[in-house]
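Below: the structure, in structure tokens.
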Amino acid sequence: MERRTIGAGALAVGAVGLGCMPMNWAYSTSRQRGDESLRCVHRALDAGSTLLDTADMYGPFTNELLLGRVLKERRADAFVSTKVGLLVGEQHIVANGRPGYVRRACDASLRRLQTDVIDLYQLHRADPEVPVEETWGAMAELVRAGKVRALGLCAVGARARRRSGARLHDGTLRQLERVQQVFPVSAVEAELSVWSPEALEALLPWCAARGVGFLAAMPLGNGFLTGTLTPGEGFEPDDVRARHPRFTAEMMAANQPIVAGLRRVARRHGEGVTAAQVALAWVLAQGPHVVAVPGAKRARWAEENAAAAALRLTPQDLAEVSGLPAALGSWD
């Protein structure tokens, strides 16, 4: 697989990574299988998807534990990205950016992942009660201690920005400018897909201008852009899509022209090319510093996603995909 670099430290990873969250968190519990998830991680590594993206809150903790079982055998094959800053309660999630907590959380992640070093340690969300510079400073100490190789920042939530009328990533850009004064940012993780292209406006250019890697989260639109979801089929109550305004039966039906357009481009590239692969190839075409991180919990999906790194879209393809209808669905 094509390799891409993250940050000034030139950390090399496969152009398509593996988002591990669906294996233990946020998607239908009844469809989660530990053994199948392990096969998925192994298949991804075999295919060159070296970046494994997780977080201590996924599960919570069980996602890191699962990856630890793979890393115990294949640490040299993997680039490990995990996150800190969010705590999961019974019915809520809260931020914790206190330096002491960050240090303890890192040690706990290292134990669960069964590794001596985390390749990319990301701040999941800034704590509104703690200056972000203090949190970032504690994370920088972990780099100097040899427990972490590089630092990244996840974009702040999208819905509040949409409601306020501000540019979607203004808050993240302000945070980035502040933490960059403390210690270099190697990567930014934010949603980027055919139906959520907002990062192209300001966040992606910010990263490109500074040599910062961009990890494209949800590049398949939470599964919608694969074309495998049926409008009206519904989701289990614990699935985040059950509450997502683009996943009502009405909105899924209304957004089918997006999938149809991806399939149309796929057909031009031959039998076996899928809408999902076109969606991923479009994301990768947005810049050499972009790494797509689709979530998966089945080995065959990880293999299909990895193959998208070899798909080269023509200028006509890219223009056609970029010109597809904007996604419908209120965020309020």
Any salt bridge linking [X] with [Y]? Criterion: basic side-chain nitrogen under 4.0 Å from a carboxylate oxygen.
X	Y	answer
Arg312	Glu2	yes
Asp119	Arg75	yes
Asp107	Lys147	yes
Glu177	Arg210	yes
Arg39	Asp46	no
Lys297	Glu36	no

*Is the centre of the Phe247 ring less than 6.0 Å from the centre of the Trp195 ring?*
yes
Step by step, work out the side chain to side chain donor-acceptor pair (under 3.5 Å) result for Trp282 and Ser322.
CA-CA 8 Å; Trp282 180 88; Ser322 296; 3.0 Å; yes
Determine whether Arg4 and Val290 make a side-chain contact, defined as any pair of heavy atoms from C-beta on separated by less than 4.5 Å.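 A side-chain contact under 4.5 Å exists here.
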Contacts of Asn96 meeting side chain to side chain donor-acceptor pair (under 3.5 Å) (sequence neighbours excluded), chain-then-number -> none
* Asked: Taking only residues two or more places apart in sequence or in another chain, which ones pass side chain to side chain donor-acceptor pair (under 3.5 Å) with Arg98?
  ->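 For Arg98, no residue satisfies side chain to side chain donor-acceptor pair (under 3.5 Å) once neighbours in sequence are set aside.
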Who are the salt bridge (Lys or Arg N to Asp or Glu O under 4.0 Å) partners of Asp53, not counting sequence neighbours?
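By the salt bridge (Lys or Arg N to Asp or Glu O under 4.0 Å) rule, Asp53 matches Lys83.
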Item checked: With sequence neighbours excluded, residues passing salt bridge (Lys or Arg N to Asp or Glu O under 4.0 Å) with Arg144 ->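 Per chain and number, Arg144 pairs via salt bridge (Lys or Arg N to Asp or Glu O under 4.0 Å) with no residue.
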The complete set of ring-ring contact (aromatic ring centres under 6.0 Å, His included) pairs with one or both residues in residues 303-326, sequence neighbours excluded, reads none
* Report the C-alpha separation of Glu64 and Thr54 in whole Å, then their side-chain angles, then the decisive distance to 0.1 Å, and conclude whether the side chain to side chain donor-acceptor pair (under 3.5 Å) test is met. => CA-CA 7 Å; Glu64 287 186 334; Thr54 184; 5.2 Å; no
If you look only at distance, which donor and acceptor atoms sit under 3.5 Å apart when one is on a side chain in residues 273-280 and the other is two or more places apart or in another chain?
residue	atom	partner	partner atom	Å
Thr274	OG1	Gln277	N	3.1
Thr274	OG1	Glu304	OE2	2.8
Gln277	OE1	Thr274	N	3.1
Gln277	NE2	Glu304	O	3.0

